[in-house]
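To start, the structure under review is shown below, and the notes come after it.
Just follow the structure's listing: the first ligand is 1, and inside any ligand the first atom is 1. What you are looking at is a predicted structure, and each value in this text was computed from that prediction instead of being measured.
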Amino acid sequence: MNTHNHTRALGTEAATAPFKTLEIERRDVLPTDVQIEILYCGICHSDLHAVHNDWGGTTYPIVPGHEIVGKVSKVGESVTKFKVGDLAGVGCIVDSCSECSHCQDGEEQYCEKGWTVVFNAADKKHGGITYGGFSEKIVVNENYVVHIPETLDLPGAAPILCAGITVYSPLKHWQAGSGKNVGIIGIGGLGHMAIKIAKAMGAYVTVYTTSQSKADDAKRLGADNIVLSTDDEQMKNCPKQDIILDTVSAKHDINSFISLLKTDGSLVMVGLPAEQLEISAFNIVHGRKSFSGSNIGGIAETQEVLNFCAEHNITADIELINVNQVNEAFERLENNNVKYRFVVDMVGLKQ
Ligand code: NAP
Ligand code: ZN
């Protein structure tokens, strides 16, 4: 029998409503499940898009949060990968068909039957709507849970679960590394992780930012070359790129960046502005350039990026906030006023 567990959570009841404490239900731990006491959860711009219903399809109340780290507090009798007390993480994916070729290849994010997002998704297996990491605890099948290396600062590691994997996966796929010029557009949560990770892979990293104050900070983050993208002269004089990763969350001019690619270069979209983007055919035809996209990363690769970050001593630059500051944080994120990721200390939910 599946009785339910009452769980305190933070959610909103409409696109413009403030966050408030809600009571949600978590399933009891099934034989293959892990229950995690959530300690920290990052705030990604996708949480903001979803709360504001930018993409359509939001079901209220919504409990966002998909950069989850915590401690295992219960395990089902068949669980083999985790034990009580382990540090554990959950990102975007909490279920998939596990049978299609993509799932078999560890690329659950491209599951042919559609994977289950940790929040605001219909839970095909267990019913109801999924609720994310802005909560006291979460129950997830062990196959969708990763280990957090002990050496990583825990709140700073939370953003690796989305921002980190979302930039690591395409950087690896398009072979960023020594001898490659990699451009990163936007220095937000994803962008600042992309600088650190591309640099650790050995690439020559150029960042394109609209914010002077971030341009001043980008060397410290590891960028080799910094371009204020609002300055035409700087755009004209920067080196041509093999790969450009576009992390921008709002409508912007893609063509001016495609123009910065070398022959055979690729511009990879990871940002998800709600608006359509326009691309000039001439701009990609001349120079055999590619315009492509990439969605988060699979579970095995999420473990891989966590291990990579531990090896290279990489965590996010975060502003740690308590549960009472979440409304203000969403406002500041909307106004592009965070360096570079908010992480919520979930301990406040227990009081
Ligand atoms: P973020 O922290 O808000 O960063 C976005 C950055 O884009 C900003 O810091 C800013 O950088 C730049 N920007 C914002 N508005 C702009 C505008 N109007 N014109 C030009 N540049 C602008 O957001 P995030 O959490 O990194 O997420 C970025 C995007 O990726 C979101 O759309 C999110 O939904 C999406 N996302 C996709 C995936 C995926 O799997 N593909 C995963 C996670 C997130 P500067 O100040 O440096 O210009
Ligand atoms: Zn995200």
Fill in the blank from the handout: Ranked by distance from atom 14 (C) of ligand 1, the top protein heavy atom is Ser249 OG, 3.7 Å
Practice task
Taking only heavy atoms of Trp55 into account, list the atoms of ligand 1 that are under 4.0 Å away from them.
Solution key: 34 (O)
Fill in the blank from the handout: The answer for which part of Thr166 has a heavy atom under 4.0 Å from ligand 1 is side chain
Exercise for the section: Rounded to the nearest 10 degrees, what's the angle SG of Cys162 makes with NE2 of His66 at the Zn ion (ligand 2)? Could you check? Expected result: 110°
Exercise for the section: Would you kindly specify which portion of Val207 sits under 4.0 Å from ligand 1, judged on non-hydrogen atoms: side chain, backbone, both or neither? Expected result: neither
Handout entry: Within reach of ligand 1, part of Arg341 (heavy-atom separation under 4.0 Å)
Key = side chain
Exercise for the section: Taking only heavy atoms of Asn336 into account, list the atoms of ligand 1 that are under 4.0 Å away from them. Expected result: 8 (C), 9 (O), 10 (C), 46 (O)
Completion exercise
Short version for His45: what comes under 4.0 Å of ligand 1, heavy atoms counted, is both
Completion exercise
Counting from 1 in the order shown, the ligand 1 atoms closer than 4.0 Å to a non-hydrogen atom of Val248 are 7 (O), 13 (N), 16 (C), 20 (C), 21 (N), 22 (C)
Problem - Side-chain H-bond candidate by donor/acceptor type, Thr116 with Lys125, under 3.5 Å - result: no
Practice task
For the residue pair Asn307 and Glu311, confirm or rule out a side-chain donor-acceptor distance under 3.5 Å.
Solution key: no
Practice task
Verify whether one side chain among Glu25 and His6 offers a donor that lies under 3.5 Å from an acceptor in the other.
Solution key: yes
Fill in the blank from the handout: min-distance protein heavy atom vs atom 43 (C) of ligand 1 -> Cys162 SG, 3.3 Å
Handout entry: Distance-only side-chain donor-acceptor flag, Glu136 / Thr7, under 3.5 Å
Key = no
Exercise for the section: Would you mind checking if Lys20 and Glu13 are paired as a salt bridge, meaning a charged N to carboxylate O distance below 4.0 Å? Expected result: yes
